[in-house]
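One structure is given below, encoded as structure tokens.
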Protein chains: 2
Amino acid sequence: MRQPDHPAIDTVQLTEVLAALADPVRLALVATLADGGARSCGEFDLPVAKSTLSHHMKVLREAGILTSRVEGTRCFVTLRSELEDRFPGLLDRVLALAAPPAEG
Amino acid sequence: MRQPDHPAIDTVQLTEVLAALADPVRLALVATLADGGARSCGEFDLPVAKSTLSHHMKVLREAGILTSRVEGTRCFVTLRSELEDRFPGLLDRVLALAAPPAEG
DNA sequence: TTTCATGTTTGTCGAACATCGAACATGGGT
DNA sequence: ACCCATGTTCGATGTTCGACAAACATGAAA
């Protein structure tokens with residue numbers, strides 16, 4: 001597996017980021033990564049086929065939201081820290097609001 | 001013209017709001033309303049046909065982002081203040097980041 | 001009532017999207 | 001070399017989106 005390309009963070013548009021986050025599967029995916037840790041793609045427990053998951057990863061990567069790193073036969077993803085430089089506070093806010101109510 | 005329906009703010013989903021904002025025309029539209037004032041639909045200077053504009057208004061209304069009020073033959077729109085209750089800080093953050101660089 | 005202004009609704013189009021399964025590519029183990 | 005695990009890419013399918021023009025609805029003005 002070749003290392004995937006990541007766009008220069010300056011070229012990422014706000015509407016592109018919003019569109020990437022405007023999907024339940026992708027938002028759940030990003031929320032899982034919110035602790036800053038890395039995950040292999042297979043670790044996500046989402047109700048989609050692996051090809052679909054791969055697609056969503058690509059959308060998030062191209063929106064500058066996460067980075068992929070290939071290691072052996074696995075692919076680790078992390079939130080892309082530069083997104084905070086480009087759109088300060090955006091992801092934090094969205095993730096805070098996307099978080100489960102956490103009451104009771 | 002009948003008064004348009006607005007969804008109960010509790011029923012609005014975050015992904016729906018994000019999707020509504022993830023379009024350049026709609027984002028520009030919302031940014032114009034950011035001063036809190038009302039505008040009639042015709043006041044917006046956007047490069048789309050009026051039917052298209054009407055469609056975008058509908059999307060924003062159904063996402064709980066703005067309210068429409070019909071007055072005579074005109075239709076006034078405003079940002080919907082309850083959105084702030086539902087998703088605190090979201091619109092502020094997005095609009096701050098969408099704002100023109102304002103340099104020079 | 002006829003006309004005009006302002007929006008909305010409807011129908012249509014092509015583009016983009018979400019999803020899947022199948023096929024493929026790659027690397028690690030045995 | 002062979003097999004398995006892990007992802008990616010491809011092709012197909014159905015849905016949604018954004019755009020427009022045309023038709024409609026409504027209210028105000030003449």
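Chain letters run A, B, ... following the sequence lines, proteins first and then strands; every chain starts at 1. Worth saying up front: this structure is predicted, and the values here are computed from it rather than measured.
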### Message
Assigning hydrophobic clusters by single linkage (Ile, Leu, Val, Met, Phe, Trp, Tyr; side-chain heavy-atom cutoff under 4.5 Å), is A:V17 placed with A:V59?
### Response
no

### Query
Hey, where on DNA chain D does chain B first and last touch, going 5' to 3'? Cut-off is any atom under 4.0 Å from a heavy atom.
D:dG18 to D:dG27

### Task
Report the residues that fulfil side-chain contact (heavy atoms from CB on, under 4.5 Å) with A:E62, sequence neighbours left out, ordered by chain and then residue number.
A:K58

### Side chain to side chain, A:L53 and A:S51, heavy atoms closer than 4.5 Å
no

### Task
Could you check how far CZ of B:F44 sits from C1' of C:dT8, rounded to whole Å?
16 Å

N/O contacts under 3.5 Å, protein versus nucleotides 14-17 of chain C?
none

### Message
Could you work out, with side-chain contact (heavy atoms from CB on, under 4.5 Å) as the rule, every residue matching A:A28, not counting sequence neighbours?
### Response
A:L46

### Query
Atom NE2 of A:H56 and atom CZ of A:F44: how far apart are they, to the nearest 0.5 Å?
12.5 Å

### Message
Once you apply a heavy-atom cut-off of 4.0 Å, does B:V48 come out as touching a base, just sugar-phosphate, or nothing?
### Response
sugar-phosphate

### Residues forming a salt bridge (charged side-chain N to carboxylate O under 4.0 Å, His left out) with A:R26, sequence neighbours excluded
none

### Query
Which whole-number value in Å describes the distance from B:L53 CG to C:dT6 P?
13 Å

### Query
Are B:S68 and B:R61 close enough that a side-chain donor and a side-chain acceptor fall under 3.5 Å?
yes

Which donor-acceptor pairs under 3.5 Å do side chains of residues 89-97 of chain B form with protein atoms, sequence neighbours excluded?
unit_1	atom_1	unit_2	atom_2	d
B:R93	NH1	A:P88	O	2.4

Distances for protein N/O vs nucleotides 3-5 of chain C N/O pairs under 3.5 angstrom?
none

### Task
With sequence neighbours excluded, give me every side chain to side chain donor-acceptor pair (under 3.5 Å) pair touching residues 5-17 of chain A.
none

### Message
Are the side chains of A:L18 and A:L14 in contact, using a 4.5 Å heavy-atom criterion?
### Response
yes

### Task
Enumerate the residues from residues 58-69 of chain B whose closest heavy atom to DNA chain D is under 4.0 Å, giving them by residue number; use none for an empty result.
none

## Note on the structure
Taken in chain and number order and not counting sequence neighbours, the residues that satisfy side-chain contact (heavy atoms from CB on, under 4.5 Å) with A:A19 are B:A22

### Query
So which of residues 32-42 of chain A are in contact with DNA chain D, with a heavy-atom cut-off of under 4.0 Å?
A:S40, A:C41, A:G42

### Query
B:M57 versus B:L66: any side-chain heavy-atom pair under 4.5 Å?
yes

### Message
What is the distance, to the nearest angstrom, from the CZ atom on B:R2 to the C1' atom on C:dT9?
### Response
11 Å

### Query
Counting only side-chain N and O atoms of A:T52, is one of them less than 4.0 Å from OP1 or OP2 of C:dT19?
no

### Message
With salt bridge (Lys or Arg N to Asp or Glu O under 4.0 Å) as the rule and sequence neighbours excluded, what pairs involving residues 34-49 of chain B come up?
### Response
B:D35-B:R39

### Message
Can you measure B:E71 atom CD to C:dG7 atom C1' for me and round it to whole angstrom units?
### Response
14 Å

### Task
Taking the side chain as every heavy atom from C-beta outward, state whether B:V30 and B:I65 have any pair of such atoms under 4.5 Å apart.
yes

## Note on the structure
Between CG of A:L46 and C1' of C:dA18 the distance, given in whole Å, is 14 Å

### Message
What I want to find out is whether A:E84 reaches A:R86 closely enough, with some N-O distance under 4.0 Å, to be called a salt bridge.
### Response
no

### Message
Measuring only between side-chain heavy atoms, which start at C-beta, is A:F76 closer than 4.5 Å to A:T67?
### Response
no

